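We number each residue from 1, following the sequence as shown. This one's a predicted model, so the numbers in the text were calculated from it and none came from an experiment.
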Amino acid sequence: MKEIVVVGGGAGGLELVTQLGHAYGKKKDFNITLIDRSQIHIWKPLLHEVATGSIDINSDGVNYRAHAAKHHYQFKLGTVSHVDPKEQSITLDAISDDKGHVILPERTIGYDILVMAVGSISNDFGTPGVKEHCYFLDSHKQAERFQQALLTHFLRLNQGDKEDKLKLAIVGGGATGVELSAELFHVADLLKAYGMRDMSGKRLNVQLIEAGERILPALPDRITVKAHSALTRLGVTISQGTRVVRAEKHGFETADGTLIEADLMIWAAGVKAPEFVKDIEGFETTRNNQILVKGNLQTANFENVYVIGDCCACKQANGSFVPPRAQSAHQMASIVFANIKASFKDQPLKEYVYKDYGSLVNLSRYSTVGSLMGNLMGGSMFVEGRIARFVYVSLYRLHLIAIHGWFKATIIMAAQKIGKVVKPKLKLH
């Protein structure tokens with residue numbers, strides 16, 4: 001029996017295990033397994049919408065166990081605590097209920113081929129107080145936790161003085177911080193339709209804090225300028241070149257001693273692979289815990305271990321590493337699937353070459369800006385407005401097609417459109 005295990009059900013991991021299930025899941029001599037610490041998948045670029053209640057994970061998420069049954073693989077719920085590449089085994093922590101009763105004991109799972117697709121988590125860079133006082137958006141559980149806190153503050157604000165404002169401070173001017181800033185104003189305006197007549201975006205005080213010289217530092221200047229202008233018009237206060245040195249109960253302290261007051265604090269600055277990765281014997285990792293791989297996405301010391309997605313450190317010809325984006329995870333999943341098939345036939349493996357198809361930033365209903373085509377046309381083409389929004393939505397639809405197939409994905413997309421008509425525009429609980 002050939003055991004193929006994929007750890008992590010993010011964009012790349014779920015697409016890969018779906019392909020493997022279709023190719024080998026029905027064969028008696030293959031066993032395909034996906035391991036994830038959550039039971040539900042949500043496309044990570046949408047987590048900021050889960051955090052504001054614009055998306056309900058219960059209706060828009062993908063249940064791994066149900067998906068596994070239809071796509072011929074097994075799903076195991078668990079958090080990986082250790083990987084032993086020499087023994088070809090994975091250790092999963094025990095699972096307990098909310099009262100501390102053990103549901104499943106610690107388990108060890110063997111493999112013949114392992115794919116590490118564990119994604120990334122926020123990097124607090126050891127900043128004091130961040131873990132204690134800040135919200136993170138690394139998973140749907142964290143996003144839902146923030147949504148509950150946000151809704152509570154909206155209820156309090158609506159019942160209070162009409163001059164009061166809700167103060168939110170977001171550290172990190174990347175895509176998550178920028179998109180969340182805009183989505184907050186959209187949600188505040190929508191609440192008028194649900195009994196909170198005194199609510200609107202004007203009652204928000206959102207501060208976006210970026211340590212670098214500009215927001216969206218990884219994207220072209222033109223996108224940054226457009227996004228900066230759109231956020232400023234909404235009322236977002238953007239602090240660039242501002243380094244946070246401490247998080248306190250009532251706000252962030254900056255390097256110059258200024259206290260940026262906040263009722264809710266969100267940390268969205270920097271990413272790293274989960275902590276357990278750096279302790280895996282035989283894996284070479286970067287300072288952000290990412291696993292260094294060869295051109296074919298195998299680890300340097302173990303040919304039966306592949307790495308894809310945000311936890312993968314794949315060096316390009318120009319010396320830079322492949323950026324941690326959904327599009328790179330999708331491309332890596334396709335290459336690893338092809339290489340696993342090739343290895344069974346003793347054929348040469350393919351080298352992964354990152355193709356940049358551009359970047360898009362969605363500022364809720366207010367604007368979408370980005371660049372398209374990337375290196376396909378020898379340069380980038382700037383887009384904004386409806387065209388950019390259409391392409392942004394299309395990327396999510398392509399992900400649905402990859403994990404469900406054309407037929408079911410089309411039904412899901414139609415159901416989501418109907419749902420927008422019959423369901424509340426916000427998750428209100």
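- For the atom pair Glu49 CD and Leu137 CG, the distance stands at 12.0 Å (nearest 0.5 Å).
- With salt bridges taken as basic N to acidic carboxylate O contacts below 4.0 Å, none links Arg156 and Asp164.
- Judged by distance alone, with hydrogens and angles left aside, the side-chain atoms of Gln298 form no donor-acceptor pair with the main-chain N or O of Val293 at under 3.5 Å.
- Judged as a ring pair (Phe, Tyr, Trp, His ring centres under 6.0 Å), and not counting sequence neighbours, Phe185 has no contacts.
- No donor-acceptor pair closer than 3.5 Å links the side chain of Gln316 to the backbone N or O of Val353.
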- What's the verdict on side chain to side chain contact (heavy atoms under 4.5 Å, CB included) for Phe276 and Val118, showing C-alpha distance, side-chain angles and the deciding distance? CA-CA 10 Å; Phe276 81 89; Val118 294; 4.1 Å; yes
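- In this structure, Val5 and Val115 have side chains that are not in contact, with every pair of non-hydrogen atoms separated by 4.5 Å or more.
- Between Tyr366 and His186, some side-chain heavy-atom pair lies under the 4.5 Å cut-off.
- Here the side chains of Phe283 and Lys278 are not in contact, with every heavy-atom distance at 4.5 Å or above.
- You'll find the side chain of Glu179 reaches within 4.5 Å of the side chain of Val361, heavy atoms only.
- Side-chain atoms of Ile266 and Val171, non-hydrogen and from C-beta on, never get closer than 4.5 Å to each other.
- Side chains of Ser38 and His140: a donor-acceptor N/O pair is present below 3.5 angstrom, by distance only.
- For the residue pair Asp84 and Ser89, no side-chain donor N or O sits within less than 3.5 Å of a side-chain acceptor on the partner.
- The aromatic rings of Phe344 and Tyr24 sit perpendicular, their planes meeting at an angle over 60°, well past the 30° parallel limit.
- Taking the six-membered ring where tryptophan is involved, the planes of His22 and His71 are tilted, since the angle between them lies from 30° to 60°.
- Taking both residues in full, the closest heavy atoms of Tyr64 and Leu34 are given as CD2-CD2, 3.6 Å, listed atom of the first, atom of the second, then distance.
- When all heavy atoms are compared, the tightest approach of Asn123 to Trp267 is O-NE1, 3.1 Å.
- His67 has its ring centre less than 6.0 Å from the ring centre of Tyr73.
- Distance check, rounded to the nearest 0.5 Å: CG of Asn304 to CD1 of Ile113 gives 7.0 Å.
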- Item | Candidate pair Arg203 and Leu157, rule side chain to side chain contact (heavy atoms under 4.5 Å, CB included), full reasoning | CA-CA 9 Å; Arg203 299 195 66 183; Leu157 189 66; 3.7 Å; yes
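- Partner of Ser120 under the side chain to side chain donor-acceptor pair (under 3.5 Å) criterion, chosen from Lys44, Lys272, Gln290: Lys44.
- Judged purely by distance below 3.5 Å, without hydrogens or angles, the side chains of Thr79 and Asp93 never pair a donor atom with an acceptor atom.
- With no hydrogens or angles considered, a side-chain donor-acceptor pair links Glu3 and Asn31 at under 3.5 Å.
- Using modelled atom types, one finds a donor on one side chain and an acceptor on the other under 3.5 Å when comparing Thr254 with Asp256.
- For the side chain to side chain contact (heavy atoms under 4.5 Å, CB included) criterion with Leu264, the lone passing option out of Leu150, Thr152, Ile170 is Leu150.
- For Glu132, the CD atom is densely surrounded, since the number of other residues' heavy atoms within 6.0 Å is greater than 12.
- Here the side chain of Glu144 pairs no donor or acceptor atom with the backbone of Ser139 at under 3.5 angstrom.
- Salt bridge status for Asp263 with Lys165: absent, with no side-chain N to carboxylate O gap under 4.0 Å.
- A donor-acceptor contact shorter than 3.5 Å links the side chain of Thr224 to the backbone of Leu216.
- Val62 has its side chain out of reach of Ile40: every pair of non-hydrogen atoms, C-beta onward, lies at least 4.5 Å apart.
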- Message: Quick one, Gln240 with His228, criterion side chain to side chain contact (heavy atoms under 4.5 Å, CB included). Give me CA distance, side-chain angles, the key distance, then yes/no.
- Response: CA-CA 11 Å; Gln240 300 175 135; His228 191 290; 3.6 Å; yes
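- Side-chain atoms of Thr18 come within 3.5 Å of backbone atoms of Leu14 as a donor-acceptor pair (strictly under, hydrogens ignored).
- How far CD1 of Ile260 is from CD1 of Ile209: 3.5 Å, rounded to the nearest 0.5 Å.
- Within a 6.0 Å radius of CZ in Arg243, other residues, nucleotides and ligands contribute 12 heavy atoms or fewer.
- Ring-centre distance between His399 and His41: below the 6.0 Å cut-off.
- At least one donor-acceptor pair under 3.5 Å links the side chain of Ser328 to the backbone N or O of Pro323.
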- Task: Would you sort out whether Thr286 and Asn288 count as a side chain to side chain donor-acceptor pair (under 3.5 Å), showing the intermediate values?
- Result: CA-CA 5 Å; Thr286 67; Asn288 292 330; 5.1 Å; no
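- Other residues, nucleotides and ligands contribute at most 12 non-hydrogen atoms within 6.0 Å of the CD atom of Glu87.
- A side-chain N or O of Ser239 and one of Gln207 form a donor-acceptor pair less than 3.5 Å apart.
- Of the inter-residue distances, the one linking Leu168 atom CG with Glu261 atom CD reads 13.5 Å to the nearest 0.5 angstrom.
- In terms of modelled atom types and a separation under 3.5 Å, the side chain of Thr127 and the main chain of Val130 share no donor-acceptor contact.
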- Task: Could you walk me through whether Ser367 and Arg389 pass the side chain to side chain contact (heavy atoms under 4.5 Å, CB included) test, one step at a time?
- Result: CA-CA 8 Å; Ser367 179; Arg389 175 64 182 172; over 6 Å; no
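- The shortest distance between side-chain heavy atoms of Phe136 and Ile121 does not fall below 4.5 Å.
- The main-chain N or O of Lys167 is never found under 3.5 Å from a side-chain atom of Asn205 such that the two would form a donor-acceptor pair.
- For the atom pair Asn289 CG and Cys311 SG, the distance stands at 10.5 Å (nearest 0.5 Å).
- For the residue pair Tyr352 / Gln331, a side-chain donor-acceptor distance below 3.5 Å is found, with atom types taken as modelled.
- A donor-acceptor contact shorter than 3.5 Å is absent between the side chain of Asp36 and the backbone of Gly8.
- Of the listed residues (Asp60, Val50, Leu395), just one forms a side chain to side chain contact (heavy atoms under 4.5 Å, CB included) with Trp43, and that residue is Leu395.
- No side-chain donor-acceptor contact under 3.5 Å links Asn63 and Gln39.
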- Message: side chain to side chain donor-acceptor pair (under 3.5 Å), that's the test. Do His330 and Glu15 meet it? Break it down for me.
- Response: CA-CA 7 Å; His330 169 76; Glu15 290 183 19; 2.5 Å; yes
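- Annotation: Lys294, atom NZ; neighbour count of heavy atoms from other residues, nucleotides and ligands within 6.0 Å is above 12.
- Side-chain contact between Ile280 and Val83: present, with at least one pair of heavy atoms (C-beta onward) separated by less than 4.5 Å.
- Distance CG/Leu77 to CD1/Ile103: 9.0 Å, rounded to 0.5 Å.
- A donor-acceptor contact shorter than 3.5 Å is absent between the side chain of Gln147 and the backbone of Ala51.
- Side chains of Glu183 and Ser364: a donor on one and an acceptor on the other come within 3.5 Å.
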